Amino acid sequence: MVVVMQPGAEPQHVDAVVSRVEAAGGQAFVSRGVSRVIIGLVGDIDQLSTLDLAGLPGVGQVTRVSTEYKLVSREQHPDRSVVHVRGVPIGPDTVTLIAGPCAVETPEQTLASALMAQAAGATMLRGGAFKPRTSPYAFQGLGELGLKILAEVREETGLPIVTEVVSAHHVDMVAEYADMLQIGTRNMQNFALLQAIGEVGKPVMLKRGMTATIEEWLMAAEYIAQRGNLEIVLCERGIRTHEPATRNTLDVSAVPVVQRLSHLPVIVDPSHSGGRRDLVLPLSKAGIVVGADGIIVDVHPQPDLALCDGAQALVREDLEQLSRAVADLTVYVGRQPARRRWASAS
Ligand code: PEP
Ligand code: MN
């Protein structure tokens with residue numbers, strides 16, 4: 001069950017719900033979103049249903065949710081959510097283009113990538129400072145230095161930054177610099193990490209585990225939501241199938257499927273799914289047409305020299321094509337480009 005409090009509900013109203021549920025032997029998990037408090041209830045549903053929670057002061061709505069994931073379920077929140085990252089919307093009315101290098105390598109490479117991204121219409125910058133690499137001998141990222149470089153490039157371009165966090169120990173440090181925290185495919189079920197990022201007040205991009213089912217993915221999002229953070233964007237980045245022609249198979253069906261099950265925004269990563277530059281444009285188009293709320297792509301000023309994923313990075317000429325396609329298809333699907341709506345300090 002899920003209890004949605006009224007927008008102006010007082011803390012004592014929330015406490016009263018929690019006490020009543022606990023007195024009946026249930027558990028109550030309080031999630032504080034930007035505009036509302038939601039309480040997820042766990043316990044004997046029949047017994048919880050007798051508590052008349054709807055009659056308590058400050059309570060807006062009490063819903064029985066049939067799925068295991070409750071806070072991210074669309075059953076309890078029929079309208080699709082919009083997540084704002086420093087004023088840039090990601091949600092059902094817009095298509096947000098996020099672009100940048102796979103990894104932050106140098107200040108020059110990061111700034112050049114950001115300017116390429118911005119010229120193509122991107123309103124957010126991506127870039128990894130902590131890289132979860134398959135091989136321990138591969139470039140692991142610049143760590144905090146990379147975060148500092150991203151912050152400097154944000155100063156210069158105004159682009160909010162999304163960057164990956166790979167360990168629960170780094171969450172506070174990454175959150176100091178980033179506007180949005182990314183959980184990569186390899187960490188989708190790192191539950192300690194999910195809980196830790198649920199406790200910082202920054203939006204999160206949760207990539208789908210490469211072997212995860214949609215239900216497992218939504219349960220991972222629920223871990224974050226349960227700790228009080230509902231500012232979550234899901235990212236379909238390809239799943240492992242029998243097909244070796246692409247690095248992973250972009251599961252385009254996941255976009256509409258997830259949007260029916262969950263109110264969270266869903267974006268697509270055509271770079272990490274295809275793993276090849278020539279597939280980024282067609283996969284981006286596919287993503288937008290099936291209803292993705294944005295796309296996130298790798299770019300690099302000199303992909304041949306890239307320390308990570310150069311084969312999939314777009315160069316300037318590719319970006320012109322991508323930019324045109326995104327603009328045209330945004331109109332086609334009846335949405336707006338995602339422009340920054342306000343200057344925010346958060
Ligand atoms: C990335 O976006 O830099 C990345 C490592 O992606 P994924 O976790 O999808 O492989
Ligand atoms: Mn990469």
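Both counts, for ligands and for their atoms, begin at 1 and track the order of listing. Note that this is a predicted model, so its numbers are computed, not measured.
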Discussion item. Is it the case that ligand 1 has an N or O less than 3.5 angstrom from some N or O of Asp269?
Written reply: no
Worksheet entry | Heavy-atom check, side chain of Ile267 versus side chain of Thr96, under 4.5 Å | no
Worksheet entry | the Mn ion (ligand 2) to nearest N/O/S of Asp298 below 2.8 Å | no
Practice prompt. Among all protein heavy atoms, pick the one closest to atom 4 (C) of ligand 1 and tell me residue, atom and distance.
Written response: His272 NE2, 3.5 Å
Worksheet item: With no hydrogens and no angle check, is any side-chain donor or acceptor of Arg154 less than 3.5 Å from a backbone partner on Tyr177?
Response: yes
Worksheet entry | Cys102 N/O/S atom closer than 2.8 Å to the Mn ion (ligand 2) | yes
Fill in: Contact atoms of ligand 1, heavy-atom distance to Gly184 under 4.0 Å
8 (O)
Practice prompt. Starting at CZ of Phe130, measure out to CG of Leu142 and round the result to the nearest 0.5 Å.
Written response: 9.5 Å
Discussion item. Using a 4.0 Å cutoff against the non-hydrogen atoms of Lys207, which atoms of ligand 1 qualify?
Written reply: 1 (C), 2 (O), 4 (C), 6 (O), 7 (P), 8 (O), 9 (O)
Discussion item. Contact between Asn248 and Arg240 at the side-chain level, heavy atoms closer than 4.5 Å - yes or no?
Written reply: yes
Practice prompt. Take the angle between the ring planes of His77 and His263 and call it parallel below 30°, perpendicular above 60°, tilted in between.
Written response: tilted
Discussion item. Looking at ligand 1, would Met210 count as a contact under a 4.0 Å heavy-atom criterion?
Written reply: no
Worksheet item: Charged N to carboxylate O under 4.0 angstrom, Lys207 versus Asp269?
Response: yes
Item to complete: Check ligand 1 against Arg237 and write out every atom of the ligand that is under 4.0 Å from a heavy-atom position of the residue.
Response: 7 (P), 9 (O), 10 (O)
Worksheet entry | Protein residue, atom and distance nearest to atom 8 (O) of ligand 1, heavy-atom basis | Thr185 N, 2.8 Å
Item to complete: Would you mind finding which of Glu164, Arg186, Arg126 brings a heavy atom closest to atom 3 (O) of ligand 1?
Response: Arg126
Worksheet item: Has Arg316 got more than 12 heavy atoms of other residues, nucleotides or ligands less than 6.0 Å from its CZ?
Response: no
Practice prompt. Using the Mn ion (ligand 2) as the apex, give the angle to atoms OD2 (Asp309) and NE2 (His272), rounded to 10 degrees.
Written response: 100°
Discussion item. Between Arg74 and Asp79, does any side-chain N to carboxylate O distance fall below 4.0 Å?
Written reply: no
